[in-house]
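Here is how names work: the chains are called A, B, and so on, in the same order as the sequence lines, proteins then strands, and each is numbered from 1.
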Amino acid sequence: MALRFTVTRILPSLALFLALIAGAIACDLALHRAGLAWVGRYGGIAGSILLAVSFLYSARKRKLLSRGSPKVLLKVHETLGWVGSLLVLVHGGIHFNALVPWLALLAMVVVVASGLTGRFLLEDARASLRGRAEGMKKAGLSPAEIERELLGVSLLVDTMKQWRKVHLPLTMFFFGLVLVHVVATLLFWRW
Amino acid sequence: MRRTWISLTLTVAAAAGAALVFPYHAITPGRLSAGHLAQRDDCLSCHTLLDGAPDAKCAACHRPGDVGVRTTKGEPIAGPSARTRRVHEVIRVGCDRCHPGHATRAGSRRFEHALLPADVAAGCAACHADERPKDAIHAAGAAECTPCHGTSGWKPATFEHEKAFRFDRHHPSRCADCHPPGRSLKEYTCTGCHEHALDRLERKHRKEGITNIDRCRRCHPSGDEDDTIGGEGGRGERSREDDRD
């Protein structure tokens, strides 16, 4: 049971996180070997744009957007969040030039970890609800009764609400640092 | 939601404050060279907002005529470099093309000959005269370096004499036998030895109906009178490509 739980629930999220770190190191290494380290600079721009686009999901959830399937946008949020983070990690590399961009990079990694934790919690809560529904079905409850019963179970809502209390401030911490880094870069950039 | 906005506001305020108070530690894209560390928290001494680090600000300290000769304080450099000075006088790209102020992981992009104006790039000797080896091959040549050398380094030198003329026991690889000393290696003569007296050659070729005997190797790449190319007796004109000596 524990093994199954680990393989089906924990490993996918953990693998995504480790793949992000390993992918960034591999890309950075390849760029350096090819003498194309300068590409990383533009990876930062592309990554930031992808991360910004991934926030369409957040906008949809807060009804700032009226169109788009939340389910699809969540997938887009997860995918672009991962790819964008990879590009930004390659952009940052293993360099500690200044506090603001370095903290931004660190915050991004924490936000990704937090996002993957949220993904895990969501999957876990959904699986738990599915288990309850199956139990009720075996107990002879009708689909309408099951739905009514589950509406009263606030497990999913509560879990995600608690998680958001951590994820959103972390995201804002990351966003604030990125904002200062980008504005500083643009101010001193040759246009 | 309120907590979210408070997080954002506090973060931006703290980061922006740090950027204003100690910018070198807060936002620098890479460490500065030792000579620029004194200005490390005065970004605007080199930068202009929205205009990067303009050349004029570099030139305020690094006067173009002094580069390679005098320091920014006006003191003579121990080993002055006329080449460095000349390059900086003629180059037409911004300073940060070769000298990014901050050491970034992309590193300094090196000088490339392609950055020089074409007329300057063609005159190798103006910068590299002191590097010309004193051996027979180089002593015989004039200013041209490019037939043998590229711009990334003196070696490897790729000129293959065999493509122009094949040496043999009658034609050893002694430059001065064919190439007038001090002239371009493109110039050669085949009439400097007893075998190839000019009047005898002219007479012999005239019998074959050949009047133009200025470019011997065009028809005799090995120097052998029977080893001819380019048609009967060389009357048939070869392409211009082949004609380039």
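When heavy atoms are compared at a cutoff of 4.5 Å, B:L44 approaches chain A solely by way of its side chain, counted from C-beta outward. The contact between A:L186 and chain B is made entirely by backbone atoms, counting heavy-atom distances below 4.5 Å. Contact annotation for B:A53: only backbone heavy atoms (N, CA, C, O) come within less than 4.5 Å of a heavy atom of chain A. Neither the backbone nor the side chain of B:T9 comes within contact range of chain A; no heavy atoms are under 4.5 Å apart. Of the two parts of B:H25, only the backbone, made up of N, CA, C and O, holds a non-hydrogen atom closer than 4.5 Å to a non-hydrogen atom of chain A. In this structure, chain A has no heavy atom under 4.5 Å from any part of B:P23.
B:W154 CH2: more than 12 foreign heavy atoms inside a 6.0 Å radius. Enclosure of atom CZ in A:R190 by more than 12 non-hydrogen atoms of other residues, nucleotides or ligands within 6.0 angstrom is indicated. Within 6.0 Å of CZ in A:F175 there are 12 or fewer heavy atoms belonging to other residues, nucleotides or ligands.
Shortest non-hydrogen contact noted between A:M172 and B:T4 is CG-CG2, 3.1 Å. Contact between B:P29 and A:N97 at its shortest, heavy atoms only, is O-ND2, 3.0 Å. Contact between A:G176 and B:V12 at its shortest, heavy atoms only, is CA-CG2, 3.7 Å. Nearest approach of A:P169 to B:S7, heavy atoms of both residues: CB-OG, 3.4 Å.
Paired with A:F188 under the rule side chain to side chain contact (heavy atoms under 4.5 Å, CB included), one option of B:I27, B:L50, B:D51 passes, and it is B:I27.
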